Amino acid sequence: MKTVTDTAHCDDLMKALETFREQGSLIERWGAELARRLSAGGRLLVAGNGGSAAQAQHLTAELVGRYRDDRAPFSALALHADTSSTTAIANDYGVQEVFARQTAAHGRPGDVLMLLSTSGASANLLAAADRAHRLGLTVWALTGRAPNPLHLAADDSLCVDAPVAATVQELHLVAVHMLCESFDQAVGSGEPAATARAADHPADAWDDGRPATSHRGDGRPAPSHRGDGRPGANGRAGARTEGRVDGARPDGPAGPAARPAGLPVGPRTAGTRPRRAEGDA
């Protein structure tokens, strides 16, 4: 015999979905922006706790692997997935630092940090958002009902208007799939400089979205000069440098320096390559 509670979960989901549909344009914009940044050599960092950690790892798997159709892989890391780093940081620095410290280690100016939380009040996510801002990353948040601390701390946020955490997480998964759909459409349309980041010919990209001018003379993209095979980072747009002093990260050990003052940000002249300060990445 069925009771009213048998369908209550579905009823809650359908009610929340009505208002969630209005967020479609925001998710589409995120997908296009993420495609532009990752195609230029940027990286997506994602973090969450519990069920939200699973959602975070779902998103990064779709970007490193594929969502539907075959395409080049893109750099995306779920910060909870490295259990040795996560447990070591929690043991040595406290649980609040597990994501902030990894953000400082892996993030670069212009990268995106996406944080998932049903409550929007997780201390370790708020610490990560603060660290990301000081290092020049853009912070996006998927949360439950607004207002909440994480929604207020992020540069942009999608807040699910539902009273139950399970419903919030279910719509976060819908958001993840819609984001991947928008991302793939932007990459496939050629709007971002996706071709400049093909796996076999990585290349630097500049703020105007065009791949760096080749100095080979054969029309192929110029290779990375980092030595690690990744594209250069000077092309990441919207980078903040506040909080960095002479290449030192706010939380301690010296890290990659921000772009030196006066370094050109537009397309370079063919055959020339501006020098980076030692340690710049």
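Since the model is a prediction, treat every value here as computed from it, not as a measurement.
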inquiry  = Give me the atom names and distance for the closest heavy-atom approach of Thr167 to Ala162.
reply    = CG2-CB, 3.7 Å
key: Check: Phe74 and Val64 side chains under 4.5 Å, non-hydrogen atoms   = no
Minimum-distance pair of heavy atoms, taken over all atoms of Ala129 and Ala153 = CB-CB, 4.5 Å
remark   = When every non-hydrogen atom of Ala53 is compared with those of His80, the smallest separation belongs to O-CE1, 2.9 Å
message = Among Asp156, Asp155, Leu44, which residue satisfies the side-chain contact (heavy atoms from CB on, under 4.5 Å) criterion with Val112?
response = Leu44
task = To the nearest 0.5 angstrom, please state how far the CG atom of Leu158 sits from the CD atom of Gln23.
result = 4.0 Å
Atom pair CG (Asn124) and CD (Gln102), whose distance is rounded to the nearest 0.5 Å = 10.5 Å
task = Give a yes or no answer on whether the side chain of Asp111 reaches the backbone of Arg108 with a donor-acceptor pair at less than 3.5 Å.
result = yes
query = Would Leu113 end up clustered with Val95 when hydrophobic side chains under 4.5 Å apart are linked, directly or stepwise?
reply = no
request  = Say whether, by atom type as modelled, one donor and one acceptor occur between the side chain of Ser39 and the main chain of Arg36 under 3.5 angstrom.
outcome  = no
task = Could I get the full list of ring-ring contact (aromatic ring centres under 6.0 Å, His included) partners for Phe99, not counting sequence neighbours?
result = none
inquiry  = To the nearest 0.5 Å, what is the distance between OG on Ser157 and CG on Asn148?
reply    = 7.5 Å
query = Are His177 and Glu181 close enough that a side-chain donor and a side-chain acceptor fall under 3.5 Å?
reply = no
Main-chain N/O of His58 paired with Glu62 side-chain donor or acceptor, under 3.5 Å = no
request  = Quick one: pull up CG in Leu38 and OG in Ser75 and give me the separation to the nearest 0.5 Å.
outcome  = 6.5 Å
query = Just how far is it from atom CD of Gln57 to atom CG of Leu116, taken to the nearest 0.5 Å?
reply = 12.5 Å
query = Less than 4.5 Å apart, any side-chain heavy atom of Phe183 and any of Trp30?
reply = no
message = Would a single hydrophobic cluster contain both Val174 and Leu63, if residues Ile, Leu, Val, Met, Phe, Trp and Tyr are joined by side-chain heavy-atom contacts under 4.5 Å?
response = yes
task = Grab the two heavy atoms, one from Cys159 and one from Ala146, that are nearest each other, plus how far apart they are.
result = SG-CB, 3.7 Å
note = Between Ala186 and Gly31 the two heavy atoms that sit nearest each other are CB-O, 4.5 Å
message = Using the rule given for side-chain contact (heavy atoms from CB on, under 4.5 Å), can you reason through Leu59 versus Cys180, listing the C-alpha separation, both sets of side-chain angles and the distance that settles it, and then say yes or no?
response = CA-CA 8 Å; Leu59 174 57; Cys180 292; 3.8 Å; yes
Check against salt bridge (Lys or Arg N to Asp or Glu O under 4.0 Å), Arg71 and Asp184 = CA-CA 8 Å; Arg71 53 152 167 73; Asp184 280 9; 2.7 Å; yes
key: Tyr67 with Leu34, same ILVMFWY side-chain cluster at under 4.5 Å   = no
query = Do NZ/NE/NH1/NH2 and the carboxylate oxygens of Asp161 and Arg145 come within less than 4.0 Å?
reply = yes
message = Does any part of the side chain of Arg43, heavy atoms only, come nearer than 4.5 Å to the side chain of Leu77, both counted from C-beta?
response = yes
note = When Leu125, Leu126, Thr143 are each screened for side-chain contact (heavy atoms from CB on, under 4.5 Å) with Pro149, the one that passes is Leu126
key: In one Ile/Leu/Val/Met/Phe/Trp/Tyr side-chain cluster, 4.5 Å: Trp140, Leu26   = yes
ask   = Can you check whether Leu179 reaches Met114 side chain to side chain, under 4.5 Å on heavy atoms?
value = yes
ask   = Does a side-chain N-to-carboxylate-O contact under 4.0 Å join Glu33 and Arg37?
value = yes
key: Min side-chain heavy-atom separation Cys10-Asp12 under 4.5 Å   = no
ask   = Just wondering, do Val46 and Leu79 contact through their side chains at under 4.5 Å, heavy atoms?
value = no
request  = Any chance you could measure Leu135, atom CG, to His106, atom NE2, to the nearest 0.5 Å?
outcome  = 12.5 Å
request  = Check whether Leu173 and Val168 end up in the same hydrophobic cluster, where Ile, Leu, Val, Met, Phe, Trp and Tyr are linked by side-chain heavy atoms less than 4.5 Å apart.
outcome  = no
ask   = Is there a side-chain contact between Leu142 and Leu171, using heavy atoms and a 4.5 Å cut-off?
value = no
inquiry  = Side chains of Glu170 and His9, heavy atoms from C-beta outward: is any pair under 4.5 Å?
reply    = yes
Pair Lys15 + Asp11: basic N to acidic O under 4.0 Å = no
